[in-house]
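What follows is a set of notes on a single structure, which appears directly below.
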Amino acid sequence: MSKKSFMPRNDEEIRVMLATFDSNISGNGAVLAAKYNVTAEERLRVARALAVWQWIVGSLEALRNAAASMATTRDSMLTGTPVAPVALPIGPVFSPIPTIHAPDGPVAALLEPGFFTFFSSLVSRIKGDVRYEESDGQLLGIEGAEVPPPDPQTVPVLLADFFGNGQPELTCKKGPFQGYDVWMRRPGQETRHIGFSLARNYRVEEPRPTPGTAEIWTFEVQYRYQNAPFGQKSQPLSLTVRG
């Protein structure tokens with residue numbers, strides 16, 4: 001089953017999401033705020049974040065425009081047609097620091113580092129409420145788009161190198177998966193499962209060959225998704241491991 005990610009991927013979509021949530025959590029007599037126990041202080045934090053986000057995005061646009069203007073000015077000195085001197089361009093002009101309506105009156109909006117950690121927790125709390133309805137989520141802008149599950153024919157791409165002490169270290173991109181299972185075969189042995197990696201890299205802790213000798217070790221990996229094996233096993237990868 002596909003899942004939904006409420007968090008947008010670009011600045012403008014984030015602004016729209018915050019504006020939608022801010023407007024509708026407090027609209028209609030704050031019916032949704034009461035239904036999901038969203039406090040006045042939490043609503044104020046969202047309103048403040050919206051004001052700050054809009055100011056930041058606008059300021060970044062002003063900076064980009066100023067940088068483009070400055071680059072044009074520089075290029076005119078290098079390649080422009082000779083003319084009489086002209087005034088230099090002005091620097092970026094930012095909007096005034098935004099204000100929000102607090103219980104005691106208008107106040108300057110302050111930056112809240114880590115705001116989206118709080119907001120994600122708030123969204124999870126609302127969606128976890130037994131009274132939650134998808135139509136409420138759509139009204140608040142937190143339902144998001146469908147995210148398709150991974151392709152069941154996915155084949156992991158397995159790479160390997162040697163760690164400083166000569167032990168093999170496997171590398172496999174995790175993507176949306178929980179991690180990957182690792183199988184290994186040594187000369188004269190059956191293929192066996194040797195571990196599971198939650199990280200991109202997996203260091204093989206097998207005893208190396210006798211000093212002065214070498215063996216070919218062969219590895220395969222397979223992703224795990226929703227606590228079950230997923231997709232295909234990787235192509236076997238062979239390494240010459242020296243003692």
Would you call Arg192 and Arg185 a side-chain contact if the rule is heavy atoms closer than 4.5 Å? no

Closest non-hydrogen atom pair between Ser197 and Asn201, with its separation: OG-O, 3.3 Å

Any luck finding a side-chain donor-acceptor pair between Asp136 and Tyr36 under 3.5 Å? yes

Arg203 vs Glu205, side chain to side chain contact (heavy atoms under 4.5 Å, CB included): CA-CA, chis, key distance, verdict: CA-CA 6 Å; Arg203 190 178 306 172; Glu205 299 292 354; 3.4 Å; yes

Separation between CD1 (Ile56) and CG (Leu111), nearest 0.5 Å, reads 5.5 Å

Determine the minimum heavy-atom distance between Asn227 and Arg224, stating which atoms define it. C-CG, 4.0 Å

By side-chain contact (heavy atoms from CB on, under 4.5 Å), Glu190 pairs with (sequence neighbours left out) none

In terms of heavy-atom contacts, Thr73 and Pro89 come closest through OG1-CG, 3.4 Å

What about Phe196 and Tyr202, are their ring centers closer than 6.0 Å? no

Point-to-point distance, once rounded to the nearest 0.5 Å, from OG1 of Thr117 to CD of Glu112: 9.5 Å

Angle between ring planes, Tyr225 versus Phe177, binned at 30° and 60°: parallel, tilted or perpendicular? perpendicular

Heavy atoms of Arg242 and Ala214 approach each other most closely as NH1-CB, 3.8 Å

salt_bridge(Lys127, Glu134) N-O dist < 4.0 Å: no

Flag the pair Thr171 / Asp161 as yes when at least one side-chain heavy-atom distance between them is below 4.5 Å, and no otherwise. no

So, for Lys173 and Tyr223, which heavy atoms are closest and what is the spacing to 0.1 Å? O-OH, 2.5 Å

Going by an N to O cut-off under 4.0 Å, is there a salt bridge joining Arg64 and Glu61? yes

Parallel, tilted or perpendicular: which one describes the rings of Trp217 and Phe219, with boundaries at 30° and 60°? perpendicular

Beyond-backbone contact of Val204 with Leu170, side-chain heavy atoms, under 4.5 angstrom: yes

Side chain to side chain, Leu50 and Arg15, heavy atoms closer than 4.5 Å: yes

What distance separates Asp181 CG from Glu220 CD, expressed to the nearest 0.5 Å? 12.0 Å

Check ion pair Glu169-Arg200 (N to O, under 4.0 angstrom): no

From CH2 (Trp183) to OG1 (Thr218), nearest 0.5 Å: 15.0 Å

